[in-house]
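To keep things clear, I will list the structure first and then write my remarks on it.
One-based numbering, in listed order, for ligands and for the atoms of each.
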Amino acid sequence: MATTVQDIMTSPNFEEHFSEKANGTAECVKYKVPVKGLVKGAPQPDASSGMKPLSHEADVPTNIDLDDFSNMLSLPPEDDTGCHEYKRKLVSPTPERFQELVSQMKYRLVEGQGEALYEIGVEDDGEVRGLSPEDLQKSLTTLSNMAKELKAVATTITERRGTLGTAATVLIRQLPYDAGHLEIRIATVGNVDSGKSTLLGVLTKGVLDNGRGAARLNVFRHKHEVDSGRTSSISQQVLGFSSSGEIVNYAPGNEFHNRSMGDIVADSSKVLAFFDLAGHERYLKTTLFGLTGHVPDYTMLAVDSNRGGVIGMTREHLGIALALKVPVFVVVTKIDICSEHVLEQTTTALFKLLKRPGVKKLPFVIRTPEDVMTCVHSISSGSIVPIFLASCVSGASMDLVRLFLNHVPARKEWAMSYQDPARLHIDDSFTVQGVGTVVTGTLLAGTLSAGGQMLLGPDNLGQFKEVQVKSVRNKRVVVKSSHAGQTVAVALKSKHPRDTLKRRDVRKGMVLVDRSLNPAATFFFEAEVLILVHPTTMRVGYTPVIHSVTVRQAARIENIEEQDVLRTGDRAKVTFQFLYRPEFLTVGSHLVFREGRTKGIGTITNILSELRPRKPTRSSQDV
Ligand SMILES: Nc1nc2c(ncn2[C@@H]2O[C@H](COP(=O)(O)OP(=O)(O)OP(=O)(O)O)[C@@H](O)[C@H]2O)c(=O)[nH]1
């Protein structure tokens, strides 16, 4: 059953706050658990004497300036593109009008890759007017009938009060199998011990944490990670939602906690794929690779509320996500053990960082389901950063995080590239017994089908090889085809029977592309770069490691246009030469380089298609 605003707001457990003396010293804010769907192992809040309920508003430290967000409470005007549609009312349309409405819904579903949000009772300019109960009911019935025509389901998710009555937000989602599923990839970043793995454990297993690392055990991949409690590799977790918006991983009162990834995906209309990236500086290269190579749709930044500031790798991770133009949302964790004063310091530092001139984001603290829906409408623009004040132990705000994940929209550009030639960027390769060579990666354009003939490369000489796609799997489920925006595992064989394809023929950074793309590799490319930090000056000859999608290789600066040196804050058009082998690049791709304290970002502007390295022109060094 779908959750409405009233359900949540009238829940006896919803965000009641209690204050108590912690360890006889600091004043603590303790949150009761909104326990929906969080059953097994959920510690019950301690309602010992001396606790007194606070209002829901106390969720946010009182000194946080919310003026900036007041205008966010009305909806932004309707956009002709995208998957959000506003309708004043849908009462008894004529058959012709009904067919028009169905066509329009089809368009919105295509834009949203199988899902759309309808705002009923809302004007095109975003004004929430609302409807009488009868008109709202009739409009919802019409909407439901429209959805049925398209083999989709309409579910009311929130209601808001307008000037003339009640307005409703309705999710239209296609059923699994007909349209495959919508996949949204989320990179999970944050400083070491900020609670990333725990957050994923709680979200995907439906079991609360005990504050001593119980929930993260579900997401660790290697034994040494379990032993040290520290993530070192990129592990993937999925959270599936059904067409009516229910979580597929688990259900309240049911023991679904150990459902396999394949089962979850097969039953889902929408799949959130999380990449848990390491927080420790030692693993920054892996984290960088996760952020560039896995092409996330969103970044979830975990910030430990107890640190009283934004510390360690948090800035670094946020900076990279913003440089790659990936929208960010923040989960401030561990508020169950955080004093009000420290929480205030942490959020203030976070706000300051997000509002800095170079960042210019609008932080928006999420306190209600309506706030979630407001953010869902605006998040794709990248200008707003939703912030959840949460706890994996008490469960505070976890329902709001789930609601947000359920409705967070797909990136528009994926749907727009379905018809383009297929292009898969390879991030890993395996030898699977009985299957042969399997590559994994993200499809950045087109549709990839089993049986298709493709080109794989470039090899060290910049050549591409003809291969055949034996099978395609998406999250361990065999599929006939997969489309842009999805992560897939593809079994390959060489097109020529005498030439076997070995795993050693494949490396990270290669691509699998449609033959019509006529791909070419290059040693040289031009990029517009911005130097974020460099301790001294950078000249021709400087050789950082370039990360662009799955390519990761040292490249030497060959030329800096109209400048001799680059310093912190400089922008310039730079020509790079890869050091070891030519790579396949695309114009418009983002790149990141980081070397010691040096950090730079950029966009590839020109591919010079040179297959031979040039001799270094000058042996100048970075001074
Ligand atoms: N009290 C409390 N403890 C939490 C919460 N979230 C996480 N923890 C604890 O914080 C510790 C660190 O959590 P992790 O999930 O391992 O942190 P991480 O960010 O994934 O760490 P790395 O993988 O090393 O980057 C564990 O002991 C968790 O039990 C929370 O909301 N409240």
Region of T198 engaging ligand 1 - heavy atom pairs below 4.0 Å: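 For T198, backbone and side-chain atoms both sit under 4.0 Å from ligand 1.
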Residue portion contacting ligand 1 (non-hydrogen atoms closer than 4.0 Å) for D193: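 Both the backbone and the side chain of D193 come within reach of ligand 1.
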Check ligand 1 against [X] and write out every atom of the ligand that is under 4.0 Å from a heavy-atom position of the residue.
{"X": "V192", "answer": "24 (O), 25 (O)"}
{"X": "S194", "answer": "17 (O), 19 (O)"}
{"X": "D336", "answer": "1 (N), 2 (C), 30 (C), 31 (O), 32 (N)"}
{"X": "R212", "answer": "27 (O), 29 (O)"}
{"X": "I337", "answer": "1 (N)"}
{"X": "S197", "answer": "15 (O), 20 (O), 23 (O)"}
{"X": "N191", "answer": "19 (O)"}
{"X": "V393", "answer": "1 (N), 2 (C), 3 (N), 30 (C), 31 (O), 32 (N)"}

Is [X] reaching over with its side chain to a backbone N or O of [Y], donor-acceptor style, under 3.5 angstrom?
{"X": "R307", "Y": "T346", "result": "no"}
{"X": "K599", "Y": "E316", "result": "no"}
{"X": "S305", "Y": "T333", "result": "yes"}

Short N or O distance, I335 and ligand 1, threshold 3.5 Å exclusive: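 I335 vs ligand 1: no N/O contact under 3.5 Å.
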Backbone or side-chain N or O of A390 under 3.5 Å from ligand 1 N or O: no
Heavy-atom closest pair, residues T204 and V238: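 The answer is CG2-O, 3.4 Å.
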Least distance between heavy atoms, S242 atom then V248 atom: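 Heavy-atom minimum between the residues: N-CG2, 3.5 Å.
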Pair D427, T440: side-chain N/O donor-acceptor within cut-off below 3.5 Å: yes
Test item: side-chain donor near acceptor, T487 and E183, under 3.5 Å: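 Yes.
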Side-chain heavy atoms of L291 within contact of V326, under 4.5 Å: no
Within-shell test, A302 vs ligand 1, heavy atom, strictly < 4.0 Å: no
Salt-bridge criterion met for R507 and E583 (N-O under 4.0 Å): yes
